[in-house]
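Step one of this worksheet: look at the structure below.
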Amino acid sequence: MTSEVTAAAWAARQVARVRDDPAGRTALMERCYSGPFGKAPQHLPFRRAALSFMGWQVRRGVLRPTSGERPGSPWWRAVNERILRDGCEAVALSGGLPGPASSRTADQWLSFAERPTARAWYRAHNGSVVAAYLEHRGLAEAEKETERFFMNVVLCRVLYAHTLVAAPRLSLGPLRPLAPFLGDPRLGMTGIFLQLSRVLPDEYPLGGTVRSHLDSEIGFGRLLDFGVIVPRLQQLYEWSALELSAPGLLDCVRDGSPVYAWPFEDRRVWQPPRSFVIRLAHRTLPPARLASGGSLGRPDRGG
């Protein structure tokens, strides 16, 4: 690529062309993993996790245009657009278009492009997700209560999936040798963490209440959320804020309860249901103990 057009401007044009075309968004994301010259064999395996998350959004209809009889979600569209734009900019930069990177998150995608590891992919993907969450909090506030609840669930899960490969002790405690396998975005297991089709119907907007959806949640999802993730939420957000260089993420959690577009006074929804299996998970997989000084220290430096 040789042009006076900057990488950021080129990326913005690509995203603008598919803004109201969910299938086009998916195709654009697929092309990002083929690199600037259409051949990037080291990057292609990571496409599995990205498309799993993307496919769930498309099926729900949240990426539809905001006009029409069945409009999509302005918030979900904005979050998805940030991921696409950052990824496209990294492709353009690696292909020779002038920079520098227009944002920290685009630079994280460029780092992944240069050295495609599981940890680098999560840092790029989740960096874009968190940046979009923080930037579009106003759009989130306009969504229905049930949608706002599951925005927090999605955030918890993508952050947790990252710790599986980059901070196994935090994610699984005594079972940490299993963590890298479970979290590797190149393997099918990651889809469990990056989509919610077992909890939510494939529709938008959601009907029903938060409680009605929780009551219908399949056992594994309930065990994952309440048995494994919720007990380590505060540590999870603190670690992720450091790993992603995103201190604003700490405004999305309070005393171990998610508060993104969600009132702290309604934190009771995060309390684990009474269940022998969940209690067993709490005993078997207790959160990691804090290091001296009250923190988990620097993130693990695994690949």
Side-chain angles (χ1 to χ4, degrees), residues 49-50 52-54 56-57 60 62-63 73-83 86 105 108 121-167 170-171 183 185 190-200 204 206 210 213-214 217 221-222 224-226 228-264 266-267 269-270 287 299:
S52 175
F53 189 41
M54 182 95 175
W56 173 72
Q57 296 172 70
R60 286 198 63 213
V62 295
L63 301 181
S73 162
W75 183 85
W76 279 106
R77 283 164 53 90
V79 172
N80 178 260
E81 187 167 317
R82 177 60 182 263
I83 299 171
D86 287 343
T105 50
Q108 289 169 335
W121 182 84
Y122 275 115
R123 189 180 287 124
H125 179 271
N126 288 6
S128 293
V129 169
V130 168
Y133 265 69
L134 298 178
E135 182 179 358
H136 299 293
R137 198 161 188 159
L139 293 177
E141 296 282 0
E143 295 279 356
K144 292 183 177 181
E145 179 185 70
T146 306
E147 195 71 38
R148 288 186 283 110
F149 172 81
F150 283 106
M151 289 174 185
N152 283 280
V153 175
V154 168
L155 182 58
C156 292
R157 286 198 181 184
V158 298
L159 295 180
Y160 178 76
H162 187 175
T163 66
L164 286 168
V165 301
L170 168 60
S171 62
T190 310
I192 295 174
F193 307 106
L194 300 185
Q195 51 84 22
L196 293 172
S197 61
R198 297 187 179 191
V199 183
L200 295 177
Y204 176 85
L206 287 169
V210 171
H213 286 289
L214 288 178
E217 185 176 20
R222 182 185 296 255
L224 174 65
D225 292 330
F226 290 104
V228 181
I229 298 178
V230 167
R232 44 187 43 84
L233 267 177
Q234 191 68 38
Q235 294 179 4
L236 174 62
Y237 278 69
E238 290 174 0
W239 181 90
S240 299
L242 181 62
E243 168 79 350
L244 301 175
S245 300
L249 181 60
L250 296 178
D251 294 331
C252 300
V253 67
R254 179 178 172 187
D255 295 339
S257 296
V259 291
Y260 180 77
W262 189 265
F264 181 67
D266 292 340
R267 60 190 180 279
V269 297
W270 308 109

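No hydrogens, no waters, no symmetry mates; every other heavy atom, side chains included, goes into these values.
With a 4.5 Å cut-off on side-chain heavy atoms, L159 and L244 count as touching. Under the 4.5 Å side-chain criterion, counting only non-hydrogen atoms from C-beta, V154 is in contact with F53. A 4.5 Å side-chain heavy-atom check between R60 and Q57 finds every atom pair outside the cut-off. Side-chain contact between R77 and L139: absent, with no pair of heavy atoms (C-beta onward) separated by less than 4.5 Å.
Each of V153, D225, I229 was checked for a side chain to side chain contact (heavy atoms under 4.5 Å, CB included) with W270, and the lone residue meeting it is V153. Among N152, L249, L155, the single residue meeting the side chain to side chain contact (heavy atoms under 4.5 Å, CB included) criterion with Y133 is L155.
Going from atom CH2 of W262 over to atom CE of M151 covers 11.0 Å, rounded to the nearest 0.5 Å. One finds the SG atom of C156 at 4.5 Å from the CG atom of L233 (value rounded to the nearest 0.5 Å). A distance of 4.5 Å separates SG of C252 from CZ of R137, quoted to the nearest 0.5 Å. Remark: S128 OG to N80 CG distance equals 10.5 Å, nearest 0.5 Å. In this structure, NE2 in H162 is found 10.0 Å from CH2 in W121, a value given to the nearest 0.5 Å. Annotation: the span from N126 atom CG to E243 atom CD amounts to 9.0 Å, rounded to 0.5 Å.
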F150 vs E143, test: side-chain contact (heavy atoms from CB on, under 4.5 Å). Steps then yes/no. CA-CA 11 Å; F150 283 106; E143 295 279 356; over 6 Å; no
Should L63 and M54 be marked as a side-chain contact (heavy atoms from CB on, under 4.5 Å) after you check the CA-CA gap, both sets of side-chain angles, and the distance that decides it? CA-CA 9 Å; L63 301 181; M54 182 95 175; 4.1 Å; yes
Chi angles and distances behind the side-chain contact (heavy atoms from CB on, under 4.5 Å) call for L206, K144: CA-CA 8 Å; L206 287 169; K144 292 183 177 181; over 6 Å; no
With side-chain contact (heavy atoms from CB on, under 4.5 Å) as the test, would you mind laying out the steps for Y237 and D251 before giving the verdict? CA-CA 9 Å; Y237 278 69; D251 294 331; over 6 Å; no
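Summarising the geometry of A261 relative to E141, their closest heavy-atom pair is CA-OE2, 3.5 Å, with the distance given to 0.1 Å. Taking every heavy atom of both residues into account, S257 and R267 meet most closely at OG-CB, 3.6 Å. Closest approach of R232 to L170, counting heavy atoms only: NE-O, 2.7 Å. In terms of heavy atoms, G127 sits closest to T105 at O-CG2, 3.3 Å. Contact record, S171 with T163: CB-OG1, 3.1 Å, taken as the closest heavy-atom pair. For Q234 against R254, the heavy-atom pair with the smallest separation is OE1-C, 3.9 Å.
Geometrically, R157 does not engage Y160 in a cation-pi contact, judged by NZ or CZ lying under 6.0 Å from the ring centre and within 45° of the ring axis.
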